[in-house]
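Every chain is numbered from 1 and lettered A, B, ... according to where its sequence line falls, protein lines coming before strand lines.
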Amino acid sequence: MPDNTKNGAIASQRTDERTSFFTFVKTHTMDLLAYAGLAVMLILFLVFNSGPRLMYNFSAVVQAAAVYSILALGAVFIYSMGFMDVSLGQQIGVYVILMILIGNKIGGVPGVIVGFLLVLALALVCGAINGAVSIFLGLPSIVTSLFLMFFFTGAQYLMMESTGENTIKLVQTIKPADRNTYTLLLIGIIVLLAVIGTYFFNYTKLGKYTRAIGANKVAAKQSGISLVKWQVLGYMALGFCAAVASFVMLTRTGTAGKGTGSGYAMDIMICLILGGMPLKGGMKSKISCALVGAFTYTLLSNVLTTMGVPLNWVNFVKACIFLVIVLLTCRKPNGVLPR
Amino acid sequence: MEKEPIIQVRHMVKNFGPTRALRDVDVSFYRGEIRGLIGENGSGKSTITSIVAGMQKATSGEMFYKGEPWNPASMVDAQLHGISMVLQEANTIPNCTVAENIFAGRFNEFAVANSFLSMRKVNKAAQEILDRFGLSHIKATDSINKYGFEDRKLIEIVRCVSDETEVFVVDETTTALSLEGRQLLYKLIHKLKDNGKSVIFISHDMDEILEQCTDLTVLRDGEIIGHLNREEMDAPGAEKKIRFMMVGREIGDAYYREDYDTSHRPEVALKLDHVSFGPIKDFSLELHKGEIIGFGGLSGCGMHEIGRAAFGLEKLNEGKVMCEGKEIRSCLDAIESGIGYISKNRDTEALILEGGIGENIVLPSLNALSHATFISPKAEKKLSDGEIDNFRIKCYGGKQWVNTLSGGNKQKVSFSKWTAKKSDVLIMDCPTRGVDIGVKQFMYHVIAEMKQQGKSIILISEELGELIGMADKILIMKDFEVTHEFMRSPSLSETDIIEYMI
């Protein structure tokens, strides 16, 4: 490298750090909006819930947010590549049914464990298929996941038909009897997965490569990143989280039916958007989007219900809020300096 | 005595956040002139023209066009009033025909009975325009995707210029054009000048500016430093004077390599062994340690493809690429064997524009930085900060996004990816495209030093001066074959080479 004294034709070196308020706000608009949303929801939650209702509703929020958080943590890995998975809800449905069927067949705690492990293996395989097929066939990720969505919808129906029941129930009780213990347990699982997710997303090649792929596929490839390998691994990370989320879902009710899991794919997308995740992926993707978004979304549903908004209006209100967020975030200013 | 200016800019200020791109600029443009705008990256050339052409608004100041206050609402508005601009970046609409591109936004002119669109008329009119501009090889009915970057640029020019055009802005367009394309553009701007129109010509290429322009305005750091008329541009030492005005200090004479030592080590660093792919047939090459091999030719001669193949980016039908005894089948193979590749398409292939400088620099090195899956942020920062210092990348830190950098600084990031990876073989495809003199000089210095360190370099360039100035051996390609080989020599001139290119 040339030393700095020789051939001194070049402009000065690094200028001073510019941390003015203006630049900070400009570069962190999405994060600030996301955190502000969470804060508003938290305040409303505290305002509308008091006394014993607060504790009860808090654990209700944690129960609902646990599934969203875990799924969103995994989904960050594929959304950061600019992909999406619409089969998520149906996958979860099948996984929960499978765990119940296997668990009841073998019986007892070992049955539950075997069920979970089999589902985990299946989820990882599905992730690999989802990732590999779209890249080998050059299809948009949504198309491959649409295929899986229909496949799993069919599987879910067939499995339920074969039982001849509307809902099936896990015989073995796996939920702690005490509500507070259960809440604490769920918080523990969320924290553990958040730590693992943060590690992989921020401190390993997996997160760094998926973000790079989302930001510029060609540049990523020319920097030595194998698109196939990391795309597949990204989807497998989501598969892992889908299996865990299914298990958590099973602990909540212990039952499953034809409708189990439906709507989750879109819910996760909304969670991530609320959390400040750019839908096109890239370097601005953050693992924190998953948690911020999952809790904002759960709190939103909870607050709307406690505010007395009729259940059939909740979806309308959600749609409006979603629309506002999209309008706010998609208006991308061309704030790029010209040459 | 003063002519009436067609465009007058008064006290123009433009701020991008805390950055001041233009500080109180006063400048006038006249009919019948080709006004060159020259200055280093970030000096404000494009900012002025983009405001005049309605692409963005000034923070303050006023403009007059034909004596009237001028506030274009958009680029389309400006174009309707006679101010057209061709940009540096590609600006055509993909998946449409050439004719649709040329008349985009003007289909009303071809309406039949006020409702139906006659594509036959559109195609016919488009072909007439193409023929008039001497671009008969482009068919109006073809999809635009069929044409390469250069042809698309020419189509863009055709779209911009019409009978109503009064002011034509060419913003660093020529870097994308080959010799023939440039000649076409030069002919066009001279014709416009002769017809009493005004041309504003932005370029980094000093020779081009000196040859083509009738007047020259030099900018530095958002301010007008001075004007030169044709006489002053022809005066001896004008080039040096202009450079001084641009940079603000003497940059010295050392530009290219000064030695004529073509020796290199005996070891072969990179070998292309009877390689065939696409239109390239049976191509062989041996690059030694400490050697710089230059590739020259017109665009489409196959030299860029050779660079891609050497980096494992092309699927080979026959033959193989070898480095350090290993066969290169993919970019990953290439990078792990110590090969680096600087793509000519800096913004689309080499860099993640919407990402930090640091993230870009360390990307190829992450594999090496990863210990039992863990990548230490400290190690990353150390590596990227080291490169930012070495290359003197003008930024506030590794977190700054690459898309906020000027062209020259972006190119430095692209270089530093491979110095960070400690690559021993560098394939550089047009490494100084769209880069100003100061940075160019720096790059040449870096390349010369790499040779001293025993690194091997393939230098693919559209600028003959660069090849003559830097390479040990120059291979000239035409129609996917090497037509001639030149060795480095003080007597080698561009005219010697050109005849083997065309």
Using every non-hydrogen atom in the two residues, find where B/Ala372 and A/Tyr199 come nearest and quote the distance to one decimal.
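It is O-OH, 3.8 Å.
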
Quick check: closest heavy atoms across B/Ile352 and A/Ala219, and the distance to 0.1 Å?
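Taking every non-hydrogen atom into account, CG1-CB, 4.1 Å.
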
[X] portion near chain A, given a 4.5 angstrom heavy-atom threshold:
X	result
B/Glu359	side chain
B/Asn367	both
B/Thr348	backbone
B/Leu363	both

Rounded at 0.5 Å granularity, tell me how far CG in B/Leu332 sits from CD in A/Gln222.
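Those atoms lie 13.0 Å apart.
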
Nearest-0.5 Å distance, OH of residue B/Tyr341 to OG of residue A/Ser223
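It comes to 12.0 Å.
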
So, using side-chain contact (heavy atoms from CB on, under 4.5 Å) as the criterion, who are the partners of B/Ile375 when residues are at least two apart?
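side-chain contact (heavy atoms from CB on, under 4.5 Å) check on B/Ile375 returns A/Lys205, A/Lys208, B/Leu366, B/Leu369, B/Ser370, B/Glu380.
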
Can you name the residues that form a side-chain contact (heavy atoms from CB on, under 4.5 Å) with B/Ala350, not counting sequence neighbours?
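side-chain contact (heavy atoms from CB on, under 4.5 Å) check on B/Ala350 returns B/Ser343, B/Ser414.
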
Residues from residues 225-247 of chain A approaching chain B under 4.5 Å (heavy atoms):
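The residues closer than 4.5 Å to chain B, in numerical order, are A/Ile225.
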
Could you check whether atom NZ of B/Lys399 has more than 12 heavy atoms from other residues, nucleotides or ligands sitting under 6.0 Å from it?
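At most 12 heavy atoms, drawn from other residues, nucleotides or ligands, come within 6.0 Å of this atom.
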
What residues form a salt bridge (Lys or Arg N to Asp or Glu O under 4.0 Å) with A/Asp31, not counting sequence neighbours?
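Partners of A/Asp31 by the salt bridge (Lys or Arg N to Asp or Glu O under 4.0 Å) criterion, ordered by chain and then number, come out as A/Lys286.
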
Heavy atoms only, distances under 4.5 angstrom: which of B/Gly356, B/Pro364, B/Ala448 has the most pairs with chain A? Name it, please.
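Max contact count across the listed options: B/Pro364.
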
Can you tell me if A/Asn216 uses its side chain to pair, donor with acceptor, with the backbone of B/Leu353 under 3.5 Å?
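Side chain of A/Asn216 to backbone of B/Leu353: no pair is present.
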
Salt-bridge criterion met for B/Glu354 and A/Arg211 (N-O under 4.0 Å):
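Here B/Glu354 does not pair with A/Arg211 in a salt bridge, since their nearest N and O are not under 4.0 Å apart.
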
